[in-house]
Amino acid sequence: MNYENLLTSIDNGILTITINRPDKLNALNKKTVEEMGVAMKDAKANAEVKAIIITGAGQKSFVAGADIAEFIGRSVEQGKIIAQAGQNIFKEIENCPKPVIAAVNGFALGGGCELSMACHLRVASDNAKFGQPEVNLGLIAGYGGTQRLIQYIGKTKAMELHMTGDMLNAEQALNLGLVNYVVPQDQLIPKCLELLAKIRSKSPRAIMGVINSVNAYFETGVDGFNTEIEEFANCFATEDFKEGTSAFIEKRKANFTGK
Ligand code: COA
């Protein structure tokens with residue numbers, strides 16, 4: 001599939017989606033958000049894709065936010081449509097049954113910070129910067145940032161970042177629990193591949209259960225403990241569970257198929 005603002009490649013089951021507007025620091029314009037939606041739908045449907053890495057083109061920026069130029073002159077009604085569309089696509093990422101890692105290679109501001117937070121894991125290069133600077137524009141986060149940042153760093157720091165627009169450097173983001181690892185830029189994709197290799201050696205069916213159950217904690221109107229019971233119980237009917245337990249008993253490495 002050819003996109004205007006995304007580069008995609010599949011290698012050994014891993015789909016890499018690169019947001020490719022480096023002259024605009026990979027800012028998310030409407031077209032890019034729409035293309036992300038298509039790319040995620042394709043990724044879910046494509047059996048060849050086992051895991052996804054989302055990153056930005058160049059060495060300076062992951063995504064420097066929603067495209068500010070496109071926001072100028074918008075009405076309240078249009079604002080709702082913009083935020084809803086962004087939130088829908090980021091929820092697709094968050095609820096993707098296949099593991100999704102953000103490889104944060106620089107600025108992750110506004111919609112970029114929000115995009116990284118919608119991914120299951122975040123690996124940052126040491127030049128990465130995270131923030132929700134929308135207040136500088138007389139705006140607030142609209143793609144889930146007010147809801148997700150709290151989940152990662154707690155209300156105290158989340159409130160501060162949203163109210164001041166300050167940025168966190170990679171080390172601060174690591175210490176606050178916003179990112180999983182910080183590595184030199186040339187180690188960014190290798191670290192993501194290393195993590196994915198470990199995850200992919202486990203049962204894809206069980207990984208899906210983990211994603212659904214952990215996400216359920218944060219969903220309104222859903223009892224996450226019940227979701228966990230369902231997901232736990234469903235594992236008993238899978239080939240992967242039979243394989244995992246047989247391999248343990250037989251003292252050999254499990255060979256999971258995701259069935
Ligand atoms: N939307 C649209 N364009 C953006 C953008 C955004 N969110 N972020 C950066 N750009 C564009 C700049 O306008 C500039 O384009 P130009 O060369 O055509 O003028 C280009 O990307 C490079 O950005 P620049 O500001 O010159 O780089 P910098 O290194 O001086 O500063 C940032 C980097 C990230 C600090 C700065 O670009 C910035 O503050 N961006 C906006 C961040 C933001 O508020 N995000 C939330 C949006 S809701």
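For ligands, and for the atoms within them, numbers begin at 1 and follow the listed sequence.
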R148 to F90, cation-pi by 6.0 Å centre distance and 45° axis angle: no
Nearest neighbour of atom 47 (C) of ligand 1 from the list G142, G111, G112, A66, on a heavy-atom basis: A66
Identity of the nearest option to atom 43 (C) of ligand 1, non-hydrogen atoms only, from A64, A108, G110: A64
Within reach of ligand 1, part of D23 (heavy-atom separation under 4.0 Å): backbone
Residue part near ligand 1, for A27, under 4.0 Å between non-hydrogen atoms: side chain
Note the single closest protein heavy atom to [atom], along with its residue, its atom name and the distance in Å.
atom	answer
atom 23 (O) of ligand 1	L25 CD1, 3.6 Å
atom 44 (O) of ligand 1	P133 CG, 3.6 Å
atom 10 (N) of ligand 1	K24 O, 3.8 Å
atom 1 (N) of ligand 1	I68 N, 3.0 Å

Ligand 1 atoms in contact with K60 (distance to a heavy atom under 4.0 Å): 27 (O), 28 (P), 29 (O)
Proximal atoms of ligand 1 relative to L109 (non-hydrogen, under 4.0 Å): 34 (C), 42 (C)
Got a protein heavy atom sitting under 4.0 Å from [atom]?
atom	answer
atom 26 (O) of ligand 1	no
atom 38 (C) of ligand 1	no
atom 21 (O) of ligand 1	yes
atom 12 (C) of ligand 1	no

Validation row: E231, R205 side chains within 4.5 angstrom (heavy atoms): yes
Any side-chain heavy-atom pair of Y3 and T8 under 4.5 Å: yes
Test item, N29 contacting ligand 1 (heavy atom, 4.0 angstrom): no
D67 heavy atom under 4.0 Å from ligand 1: yes
N127-S125 side chain donor-acceptor pair, cut-off 3.5 Å: yes
Q84 and N88: side chain donor to acceptor below 3.5 Å: yes
Whether R122 side chain and L178 backbone form a donor-acceptor pair below 3.5 Å: yes
Step-by-step side chain to side chain contact (heavy atoms under 4.5 Å, CB included) determination, V63 to E114: CA-CA 10 Å; V63 167; E114 292 169 300; over 6 Å; no
